[in-house]
*Asks:* 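Take this structure first; my questions come after.
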Amino acid sequence: MDSSCTAASYDAIADHCFMTNGGPDTVITQPLVGSVAFLKFQYVETPLEVFMAGATKNGSVARLRELCAEKNGIPLIIKTAQVKAAATQLVGGLPANLRYAWLPIRGCKEKKSLCHWPDNIKVTDGVFTEQDFKRFLFDSPTATVLGSDGVIMLCNEQNSSAFSVLCYRNTD
């Protein structure tokens, strides 16, 4: 067993596994019928770079993935105050009439408490509360954007304005 491998994670958006301190050539996976594995993981925080990808009027998760992938990233999932602050600062630097950026949050149509990230974790289980959500007028929300004030706006997936896409990539 390679004792230098301290953690593994799966990114549901990008469909990638990430290993820390263990190279891909040292990792072997295979199904073992009738076996049970007990694993001990140590959390190692991976430094993230939060950035903006191109602007689009199409806020579908597929389109967000495409735009982030063009810059070797994936759509941003905000689960810490530090990442929220970095994202809010980026959005605040946009032109005054476009201070919103797409997020991959879905499931908000019925209730704000049902909003979830692509990994199915509820948005309100992290740094956001139900009070952090607002709705654009006359919209039946199918998508979300982050405002420069740190508020999540519920909006349509197809929008009349082109917003930038919030993305991240690991810096390791």
Side-chain angles (χ1 to χ4, degrees), residues 9-18 20 44-172:
S9 65
Y10 175 70
D11 186 323
I13 297 173
D15 193 24
H16 287 277
C17 279
F18 295 97
T20 60
V44 177
E45 188 169 337
T46 304
L48 301 178
E49 177 187 359
V50 178
F51 65 95
M52 297 269 211
T56 182
K57 293 180 179 184
N58 177 354
S60 70
V61 173
R63 181 67 178 138
L64 304 185
R65 283 185 189 139
E66 286 174 20
L67 288 170
C68 290
E70 288 175 6
K71 294 189 174 192
N72 297 316
I74 56 178
L76 182 64
I77 295 177
I78 301 173
K79 293 187 180 177
T80 67
Q82 182 181 5
V83 172
K84 181 182 178 183
T88 303
Q89 184 176 8
L90 279 174
V91 175
L94 293 169
N97 61 334
L98 295 173
R99 288 194 177 149
Y100 298 98
W102 294 110
L103 287 173
I105 299 169
R106 294 299 183 265
C108 302
K109 206 169 199 175
E110 292 82 30
K111 291 173 62 177
K112 296 171 192 170
S113 63
L114 298 177
C115 297
H116 61 272
W117 297 105
D119 61 2
N120 288 322
I121 301 293
K122 287 184 180 180
V123 176
T124 54
D125 286 350
V127 295
F128 294 102
T129 66
E130 286 193 38
Q131 288 71 42
D132 291 320
F133 289 86
K134 291 184 182 171
R135 177 183 248 155
F136 281 122
L137 295 177
F138 310 112
D139 274 346
S140 173
T142 54
T144 57
V145 292
L146 180 71
S148 60
D149 55 359
V151 170
I152 296 170
M153 299 296 291
L154 307 174
C155 61
N156 290 327
E157 199 169 83
Q158 300 298 321
N159 202 27
S160 58
S161 297
F163 297 130
S164 296
V165 181
L166 282 164
C167 309
Y168 78 94
R169 59 182 157 235
N170 293 326
T171 57
D172 274 358

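What you see below is based on every heavy atom in this structure, not just the backbone, and it leaves out hydrogens, waters and symmetry mates. Just so we're clear, the structure is a prediction, and the values are computed from it rather than from any experiment.
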*Asks:* Taking the side chain as everything from C-beta on, heavy atoms only, tell me whether E49 gets closer than 4.5 Å to K71.
*Replies:*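 SC-SC contact between E49 and K71 ruled out.
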*Asks:* To the nearest 0.5 Å, what is the distance between CG (L114) and CD1 (I105)?
*Replies:*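 Reported value, rounded in 0.5 Å steps: 13.0 Å.
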*Asks:* Is V83 close to Y168 at the side-chain level, that is, under 4.5 Å between some pair of heavy atoms?
*Replies:*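 Y168 vs V83: side chains apart.
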*Asks:* Compare every heavy atom of A162 with every heavy atom of L98, then report the nearest pair and how far apart it is.
*Replies:*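 Closest approach of L98 to A162: CD2-O, 4.0 Å.
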*Asks:* CE/M153 to SG/C108 distance, rounded to the nearest 0.5 angstrom?
*Replies:*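 Between atom CE of M153 and atom SG of C108 there are 12.5 Å.
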*Asks:* So which heavy atom on K134 is nearest to which on D149, and how close?
*Replies:*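 Closest approach of K134 to D149: NZ-OD2, 4.5 Å.
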*Asks:* Quick check: closest heavy atoms across R63 and T56, and the distance to 0.1 Å?
*Replies:*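 Smallest heavy-atom distance, with atoms named: NE-OG1, 3.6 Å.
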*Asks:* Less than 3.5 Å apart, any donor N or O on the side chain of Q82 or T80 sitting next to an acceptor on the other?
*Replies:*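 No donor-acceptor contact under 3.5 Å links the two side chains.
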*Asks:* Under 4.5 Å between any side-chain heavy atoms of W102 and L67, yes or no?
*Replies:*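 Result no, sub-4.5 Å side-chain heavy-atom pair not found.
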*Asks:* Determine the minimum heavy-atom distance between C68 and V165, stating which atoms define it.
*Replies:*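 Where C68 meets V165 most closely, the heavy atoms are SG-CG1, 3.7 Å.
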*Asks:* Supply the atom-to-atom distance S148 OG to Q89 CD, rounded to the nearest 0.5 angstrom.
*Replies:*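 The distance works out to 12.0 Å.
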*Asks:* Closest heavy-atom contact between D132 and K84?
*Replies:*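 Here D132 and K84 meet closest at OD2-NZ, 4.2 Å.
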*Asks:* Does the side chain of K79 come within less than 4.5 Å of W117's, by heavy atoms?
*Replies:*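 Counting from C-beta outward, W117 and K79 do come under 4.5 Å.
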*Asks:* Does C115 reach the side chain of T144, with side-chain heavy atoms less than 4.5 Å apart?
*Replies:*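 Contact flag for C115/T144 side chains = no.
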*Asks:* In Å, rounded to the nearest 0.5 Å, how long is the span from CD1 of I77 to NE2 of H116?
*Replies:*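 Going from the CD1 atom of I77 to the NE2 atom of H116 covers 10.5 Å.
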*Asks:* Locate the shortest heavy-atom distance separating C155 from V145; write the atom from each residue and the value.
*Replies:*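 Reported closest heavy-atom pair: SG-CG1, 4.1 Å.
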*Asks:* May I ask you to test the P75-R65 pair for a side-chain heavy-atom distance under 4.5 Å?
*Replies:*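 They are in side-chain contact.
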*Asks:* What distance separates Y100 OH from L166 CG, expressed to the nearest 0.5 Å?
*Replies:*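 CG of L166 is found 13.5 Å from OH of Y100.
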*Asks:* Side chains of L146 and I78: closer than 4.5 Å at any heavy-atom pair?
*Replies:*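 Yes; the side chains approach each other to less than 4.5 Å.
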*Asks:* Say you draw a straight line from CG of L48 to CD1 of I74; how long is it, rounded to the nearest 0.5 Å?
*Replies:*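 If we round to the nearest 0.5 Å, L48:CG and I74:CD1 are 9.0 Å apart.
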*Asks:* Distance alone, cut at 3.5 Å: any donor-acceptor contact between the side chains of S60 and N58?
*Replies:*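 Yes, side-chain donor-acceptor contact under 3.5 Å.
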*Asks:* Quick one, F163 and L94 - any side-chain contact, counting heavy atoms below 4.5 Å?
*Replies:*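 No, side chains not in contact.
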*Asks:* Look at the side chain of R99 and the backbone N and O of G92, then say whether any donor-acceptor pair between them is shorter than 3.5 Å.
*Replies:*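 It does hold such a pair.
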